[in-house]
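First listed ligand is number 1; within each ligand, the first listed atom is number 1. Side chains are part of it too, since the values below use all heavy atoms of this structure and drop only hydrogens, waters and symmetry mates.
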Amino acid sequence: MTADPSTGTGISGNPVMVRYGELFLKSEPVRHHFISMLLRNIRHALAANGLSARFETPRGRILIFGEEPGQIADIVARVFGVIDVSICTLTGKEVETLSSAAADLAFSHIGSGKSFAVRAKRQQKVGLTSQELGEQIGSAVYDCIPGLRVDLEKPDYEIFVEVRDFGGLVYDSRIPAPGGLPFGTQGHVLVLLSSGIDSPVASWLAMKRGCEITHLHLDAGRWAGADVLAAATENHRKLSCWCPGQEIRMVIVKNEALFDEMQRLRIQPRYRCVICKRFMHRVAARIMGSEGQQALVTGENLGQVASQTLANLSVISEAVTVPVLRPLITYDKEETITLARRIGTFDTHPGDLACRAVPKMPATAALLVEIQACEQRMDMDAIIRTACENTRMVTARDGRIRDDDPEDTPPPDGDGMIGFTG
Ligand code: ATP
Ligand code: MG
């Protein structure tokens, strides 16, 4: 029993089938653009892993033909815009051929006593209905393998059959992918990336919704824990695994002088966090002004820490006019940690990440006028200007770091690949 992989349509071989999601909602030209970006990203991802492949784009699907379908499926299951992938047997459209491929697949995966179901779908609404098709293929499988049971509710094993105008696709698993929109379709954002848990997740979510990203890290020097810069760089490195074949940059700006100045002028310690966050936002806005990113993304969350009360968030937002996106604003910490684990940025031994400037009792409802008065005393504009004139850049690609200041480069820990399991 061997399925004939030839469909008589010029499409042949056993493909990895890519199902993409929301692109269906788009108009024809937008959809074409999005699909071409998705194809570009998939090509980059395969090339970054030393693989090449051939593509077909029948309506609603991408078929990838290559030598290592298993490896291709694993790689494509981490590409944004993809809902899931399946390694398929490509057949003709006749019931006999579809049945034979389905029975072949089932034969190597289940045996006597197990339950199964066939889920059939057809593109053209002529001939057998989907249900009739499923029943006929199901009974062929049943005849071939002794002792099977049909269970349409909770089967041990499912066989999926799709009949499309170019032929049939038969498969038995759907590997979940992150969904979202193809990377690069939604413009470019600047992400405030820290050594913490939240901002890498916020960055990943922005990428998932199609944004190209540049990271910005504020290095507080002696005010920061010994491992903060290395941990932020590690977050940057890990996130680069999610846009394979494409380089992402992290701009590093020193903000040690800000804390020195707050100390020198004896600014009330309770205002430090809000002043620090306003500073970060203003540095970010300035960089966006010269680089052209369209929005700022942060890992801020409602009520997580004292600087993130609604009152403080509004005082922080007041510092800039650029759009500020906060993808995690309503997340519980546990939800963020779960996602951080799934995307590979959660570190169980992060080291010394303390901020030495955090006061015992930070203000939970700082008044804008009081904050502004402090900033005027400090000549904030001058501190920001000086900080932005002394930036450093670290680029990352496919989980590898390149630093324009090699002496400071933390060693990559080598695991370029991070999995995504739905
Ligand atoms: P995270 O929130 O990412 O876990 P954190 O808890 O150290 O980091 P918060 O005080 O919660 O930081 O800061 C809120 C947000 O401000 C962060 O999510 C991040 O977007 C930004 N941020 C904080 N510290 C830095 C930094 N040193 N450089 C760049 N951005 C930062
Ligand atoms: Mg936080």
Side-chain angles (χ1 to χ4, degrees), residues 189-206 213-236 238-239 249-259 271-288 293 295-310 312-313 315-317 319-320 322 324-341 343 345-347 350-359 362-364 366 384 387-388 391-392 394:
V189 295
L190 186 67
V191 183
L192 274 173
L193 185 72
S194 75
S195 55
I197 297 165
D198 303 339
S199 53
V201 175
S203 181
W204 186 85
L205 287 169
I213 51 159
T214 296
H215 291 137
L216 169 62
H217 178 69
L218 278 294
D219 173 10
R222 67 191 176 83
W223 293 89
D227 302 309
V228 167
L229 180 57
T233 309
E234 185 60 2
N235 284 336
H236 175 57
K238 287 173 172 170
L239 286 162
R249 295 172 311 134
M250 178 164 82
V251 182
I252 300 173
V253 173
K254 287 217 166 222
N255 62 347
E256 198 169 20
L258 173 78
F259 298 111
Y271 289 149
R272 279 186 195 157
C273 296
V274 170
I275 292 175
C276 167
K277 291 294 173 337
R278 279 169 63 90
F279 175 88
M280 289 185 184
H281 280 61
R282 290 171 72 187
V283 168
R286 199 180 160 109
I287 291 172
M288 290 165 65
Q293 290 91 354
L296 175 62
V297 173
T298 82
E300 286 164 321
N301 168 273
L302 188 54
Q304 186 183 91
V305 290
S307 64
Q308 293 172 11
T309 59
L310 265 189
N312 282 348
L313 285 173
V315 173
I316 293 167
S317 298
V320 292
V322 295
V324 181
L325 310 180
R326 299 179 168 107
L328 302 182
I329 196 71
T330 61
Y331 279 40
D332 291 348
K333 192 73 186 185
E334 260 327 293
E335 293 174 288
T336 304
I337 290 175
T338 302
L339 198 44
R341 284 186 200 281
I343 67 180
T345 54
F346 187 78
D347 188 348
D352 171 14
L353 305 186
C355 173
R356 317 242 187 271
V358 173
T364 50
I384 291 174
C388 290
T391 63
R392 189 155 75 77
V394 174

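Panel note: side chain R278, backbone V315; a donor-acceptor pair is recorded below 3.5 Å. H217 places a side-chain N or O within 3.5 Å of a backbone atom of L193 that can act as its donor or acceptor partner. Side-chain N or O atoms of D352 include none that pairs as donor or acceptor with a backbone N or O of G225 at under 3.5 Å. Under the 3.5 Å distance criterion, the side-chain polar atoms of T391 are left unmatched by any main-chain donor or acceptor of V251. Using a distance-only test at 3.5 Å, with no hydrogens or angles considered, a donor-acceptor pair links the side chain of N301 to the main chain of Y331. Counting only distance, with no hydrogens or angles, the side chain of N255 and the backbone of C276 share no donor-acceptor pair below 3.5 Å.
The N/O atoms of G299, backbone and side chain alike, include one that comes under 3.5 Å of an N/O atom in ligand 1. Between S199 and ligand 1, a contact under 3.5 Å exists for at least one N or O pair. Inclusion of I197 in the set of residues having an N or O under 3.5 Å from an N or O of ligand 1 is warranted.
Interface of L193 with ligand 1, defined as ligand atoms under 4.0 Å from a residue heavy atom, comprises 28 (N), 29 (C), 30 (N). Close contacts of ligand 1 with Q308, meaning ligand atoms under 4.0 Å from a residue heavy atom, involve 9 (P), 11 (O), 13 (O), 14 (C). Of all atoms in ligand 1, listed by their number and element, those nearer than 4.0 Å to a heavy atom of T298 are 20 (O). Taking every non-hydrogen atom of E300 and a distance limit under 4.0 Å, the qualifying atoms of ligand 1 come out as 14 (C), 15 (C), 18 (O). Near H217, the atoms of ligand 1 lying under 4.0 angstrom from a non-hydrogen atom of the residue are 26 (C), 27 (N), 28 (N), 29 (C).
The Mg ion (ligand 2) has no N, O or S atom of Q308 inside 2.8 Å of it.
Considering H215, K277, H281, M280 only, the shortest heavy-atom separation from atom 26 (C) of ligand 1 involves M280. Among V191, L353, D198, the residue whose heavy atom lies closest to atom 4 (O) of ligand 1 is D198.
Minimum heavy-atom separation, K333 to D198: NZ-OD1, 2.8 Å.
The shortest distance between side-chain heavy atoms of S203 and V297 does not fall below 4.5 Å. At a threshold of 4.5 Å between non-hydrogen side-chain atoms, the residues K277 and L313 do not count as touching.
Annotation: atom 20 (O) of ligand 1 to nearest protein heavy atom, L192 O, 2.7 Å. The protein non-hydrogen atom at the shortest distance from atom 8 (O) of ligand 1 is S194 OG, 2.8 Å. Atom 28 (N) of ligand 1 has L218 N, 2.9 Å as its closest protein atom, hydrogens excluded (heavy atom only).
Checked by atom type, the side-chain pair S199/S194 shows a donor-acceptor distance below 3.5 Å.
Sorting the N, O or S atoms of D198 by how far they are from the Mg ion (ligand 2) puts OD2 first.
With a 4.0 Å heavy-atom cut-off, ligand 1 is reached by no atom of D219. By the criterion of a heavy-atom distance under 4.0 Å, the backbone of L216, and not its side chain, is placed next to ligand 1.
For atom 1 (P) of ligand 1, a protein non-hydrogen atom is found at a distance below 4.0 Å.
The aromatic rings of W223 and F259 sit tilted relative to each other, their planes meeting at an angle between 30° and 60°.
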